[in-house]
Protein chains: 2
Amino acid sequence: MKKTSTKILIVDDDPDIREILTYNLSNEGYNVKSAVNGVEALKKAKKFIPDIILLDVMMPEMDGIEACSQLREIESLSKSMVIFLSARGEDFTQIAAFDAGADDYINKPVKPKILLKKISSISRRILSENNVTSNIIIGSLVIDRDSYSVTHEKDEITLPRKEFELLHMLASKPGKVLTRDEIMFKVWGTQVVVGDRTIDVHIRKLREKIGEKYIKTIKGVGYKFKA
Amino acid sequence: MKKTSTKILIVDDDPDIREILTYNLSNEGYNVKSAVNGVEALKKAKKFIPDIILLDVMMPEMDGIEACSQLREIESLSKSMVIFLSARGEDFTQIAAFDAGADDYINKPVKPKILLKKISSISRRILSENNVTSNIIIGSLVIDRDSYSVTHEKDEITLPRKEFELLHMLASKPGKVLTRDEIMFKVWGTQVVVGDRTIDVHIRKLREKIGEKYIKTIKGVGYKFKA
DNA sequence: ACAGCTACTTAACAATAACTTAATATTAGA
DNA sequence: TCTAATATTAAGTTATTGTTAAGTAGCTGT
């Protein structure tokens with residue numbers, strides 16, 4: 001397997017989850033440590049300097065949000081990625097998490113496959129360094145994940161979630177044609193099934209907002225973003 | 001029209017479910033077989049080599065998890081997708097399922113719409129995985145599958161699907177003469193039958209777009225690509 | 001709890017690019 | 001030269017996407 005030296009710190013009060021995650025990630029060659037609560041997490045993180053911190057939202061004493069805020073204060077951890085493990089895809093939780101400085105989140109139950117995928121993509125990103133944020137700038141378009149907004153010729157438009165994810169996905173691989181299947185998988189996931197025209201409608205709304213020139217249709221294949 | 005020959009093995013102890021699934025999937029043109037338990041599933045899978053295995057989690061004797069693990073041990077089934085049918089979205093079940101090597105899961109009661117959508121997207125993925133030949137650079141031509149485009153003397157032309165596939169096929173074996181039969185088979189497949197002049201028309205459009213010099217006609221034999 | 005709002009999805013229909021065919025012209029090779 | 005094969009053109013067809021409007025669900029603030 002891939003011998004990445006990416007360091008991961010798991011923080012969760014549930015021993016079972018710690019074990020499952022540790023098992024799966026160690027198996028993939030990651031350097032894994034764990035902590036049972038926020039206080040211990042802070043202590044271990046200072047020494048271990050993990051690249052990635054998996055943080056449970058619900059924990060006794062100090063919850064994940066609070067722990068994340070404090071982790072963010074630590075100078076040496078400024079480059080670490082914090083990923084939340086949230087019990088549900090509650091909007092509140094997600095927003096609060098991002099507010100506290102989280103870089104990503106995963107909904108429980110954690111599926112090892114998804115987790116590994118995420119971890120590996122993040123660790124690849126870390127290795128390739130200079131990725132400051134997940135923001136994208138193309139021509140006169142600025143796509144900003146932090147605020148879920150797009151700045152297009154000086155005016156900022158806040159996009160709904162689905163529209164943003166769709167645009168972000170297209171723009172993150174400019175020039176590449178993304179098939180409807182790929183889009184479905186990335187934006188909607190495998191458990192949701194929506195009709196054929198749903199993507200078109202979102203595309204239309206995006207075009208309405210940012211202009212026609214960016215998103216090109218490749219009939220029978222998919223869509224692609226061009227600068 | 002779309003006559004996919006994707007093979008599906010249904011494994012469930014409930015005859016009603018077997019019948020419903022078999023009916024729905026057969027109707028869509030899939031090649032369907034079924035088994036009533038894990039033991040039979042293993043036996044049939046070895047001979048049938050299904051592309052997709054729909055596996056009930058709860059079964060007498062050998063449950064789905066165990067069956068999946070054993071299926072995963074079989075060399076010839078390494079490319080098969082295993083989809084679990086789970087009675088509930090229980091955490092334990094999901095984690096165990098993914099651990100056992102499942103690729104996806106569907107919650108019961110199975111809605112035909114969701115099932116068919118999932119199956120068709122998976123079977124499309126399976127089909128498209130087979131022809132992942134990378135990009136081609138010949139002389140001043142760059143043929144890029146990601147963007148479905150050809151860059152010819154500094155300007156990028158996005159090609160329609162058939163034209164792209166045709167060009168890609170010719171260019172992937174430069175110098176070799178490809179017969180009309182070979183082209184038909186590769187670009188159109190065995191299920192579709194089109195007239196004789198169709199290929200000519202696509203060839204003409206390609207020549208129009210990338211210039212005359214690349215594609216040469218060998219009368220009575222076929223076409224060849226030259227650098 | 002409620003109205004009002006936004007995001008999202010769906011369905012029906014329109015539009016269109018991609019593709020195919022048909023009719024006719026041209027060409028290469030025996 | 002003669003003929004079968006291919007080229008060309010324009011006119012169908014069809015599959016795929018675009019568009020619109022309306023429905024649904026979930027959230028927000030009162």
Side-chain angles (χ1 to χ4, degrees), chain A residues 88-96 148-150 157-168 170 177-181 183-184 187-189 191-224, chain B residues 1-4 111 113-114 117 120-121 124 148-150 157-168 170 177-181 183-184 187-189 191-224:
Chain A
R88 294 204 188 166
E90 295 169 312
D91 280 0
F92 168 78
T93 301
Q94 286 174 21
I95 290 169
Y148 268 61
S149 72
V150 179
I157 311 159
T158 301
L159 295 176
R161 194 172 302 257
K162 286 278 191 310
E163 279 172 43
F164 182 87
E165 296 298 348
L166 180 50
L167 177 62
H168 188 272
L170 286 165
V177 179
L178 297 176
T179 66
R180 279 157 180 277
D181 284 345
I183 293 170
M184 280 303 299
V187 178
W188 278 265
Q191 294 306 307
V192 187
V193 174
V194 293
D196 261 359
R197 299 272 64 71
T198 303
I199 290 175
D200 305 36
V201 174
H202 285 295
I203 290 282
R204 188 188 154 276
K205 287 192 177 150
L206 276 174
R207 282 175 173 156
E208 209 166 61
K209 287 171 185 169
I210 65 171
E212 303 284 318
K213 62 182 172 180
Y214 292 107
I215 301 171
K216 170 151 199 206
T217 304
I218 314 294
K219 214 164 177 172
V221 187
Y223 295 94
K224 84 175 173 188
Chain B
M1 194 68 250
K2 280 187 299 184
K3 200 68 178 178
T4 57
K111 295 177 192 120
K113 209 177 174 188
I114 291 178
K117 197 113 199 205
S120 89
S121 94
R124 246 174 299 152
Y148 263 78
S149 72
V150 179
I157 310 159
T158 300
L159 297 176
R161 194 171 49 180
K162 286 277 192 316
E163 280 170 44
F164 182 88
E165 297 298 348
L166 178 50
L167 175 62
H168 189 274
L170 286 166
V177 180
L178 296 174
T179 68
R180 279 157 181 279
D181 283 347
I183 293 171
M184 279 305 299
V187 178
W188 278 265
Q191 312 295 331
V192 188
V193 178
V194 292
D196 256 4
R197 299 274 63 72
T198 303
I199 291 174
D200 306 26
V201 174
H202 285 295
I203 291 281
R204 189 192 151 272
K205 286 190 178 153
L206 275 175
R207 283 173 172 158
E208 207 167 62
K209 286 172 184 169
I210 66 172
E212 304 284 321
K213 63 181 173 181
Y214 293 107
I215 301 170
K216 170 146 206 219
T217 304
I218 313 295
K219 202 164 179 172
V221 187
Y223 296 94
K224 85 172 177 191

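Proteins come first, then strands; the chains are lettered A, B, ... in the order of their sequence lines, and each starts at number 1.
Checked against ring-ring contact (aromatic ring centres under 6.0 Å, His included), B/F164 has the following partners two or more places apart in sequence or in another chain: B/Y148, B/H168. In this structure A/R180 satisfies the side chain to side chain donor-acceptor pair (under 3.5 Å) test together with A/D200, A/Y223, sequence neighbours excluded. Among residues two or more places apart in sequence or in another chain, the salt bridge (charged side-chain N to carboxylate O under 4.0 Å, His left out) test is passed with A/K205 by none. Qualifying side chain to side chain donor-acceptor pair (under 3.5 Å) partners for B/E208, counting only residues two or more places apart in sequence or in other chains: B/R204.
In this structure, A/I203 places its CD1 atom 18 Å from P of C/dT16, rounding to the nearest Å. One atom, CD1 of A/I218, and another, C1' of C/dC19, lie 16 Å apart when rounded to the nearest Å. For the pair A/L159 CG and C/dT6 P, the interatomic distance rounds to 15 Å; values are reported in whole Å. Distance A/E212 CD to D/dT17 C1': 13 Å, rounded to the nearest Å. For the pair A/E163 CD and C/dC8 P, the interatomic distance rounds to 7 Å; values are reported in whole Å. Across the protein-nucleic acid pair, B/E208 atom CD and C/dA18 atom P stand 13 Å apart, rounded to whole Å. One interatomic measurement links the two molecules: CZ of A/R204 to C1' of D/dG18, which rounds to 8 Å at whole-angstrom precision. Between the CZ atom of A/R207 and the P atom of D/dT19 there is a distance of 7 Å, given to the nearest Å.
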A/I157/A/E163 under side-chain contact (heavy atoms from CB on, under 4.5 Å): CA gap, chis, key distance, verdict: CA-CA 11 Å; A/I157 311 159; A/E163 279 172 43; over 6 Å; no

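For D/dG18, one of the phosphate oxygens OP1 or OP2 lies less than 4.0 angstrom from a side-chain nitrogen or oxygen of A/T217. Remark: B/H202 is in phosphate contact with C/dT20, judged by side-chain N or O atoms under 4.0 Å from OP1 or OP2. Side-chain N/O atoms of A/R180 include one lying less than 4.0 angstrom from OP1 or OP2 on D/dT17. Remark: A/W188 is in phosphate contact with C/dT9, judged by side-chain N or O atoms under 4.0 Å from OP1 or OP2.
Here the side chain of B/R161 pairs no donor or acceptor atom with the backbone of A/V221 at under 3.5 angstrom.
Taking the screw axis at each terminus of the helix from C/dA1-D/dT30 to C/dA30-D/dT1 from five consecutive base pairs, the angle between the two is 40° to within rounding of 10 degrees.
Along DNA chain D, the nucleotide closest to A/G220 and the one closest to A/K205 are compared, and the more 5′ of them pairs with A/G220.
At the heavy-atom level, A/Y223 lies under 4.0 Å from the strands shown only through sugar-phosphate atoms. In this structure, A/K162 reaches the sugar-phosphate backbone alone: every heavy-atom distance under 4.0 Å involves primed, P, OP1 or OP2 atoms, never a base.
A side-chain N or O of A/K224 and one of B/T158 form a donor-acceptor pair less than 3.5 Å apart.
Each of D/dA15, D/dT8, D/dG18 was ranked by its minimum atom distance to the side chain of B/D200; first place goes to D/dT8.
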Table of protein N/O atoms under 3.5 Å from nucleotides 10-14 of chain C N/O atoms:
unit_1: C/dT10; atom_1: OP2; unit_2: A/G195; atom_2: N; d: 2.5
unit_1: C/dT10; atom_1: OP2; unit_2: A/T198; atom_2: OG1; d: 3.3

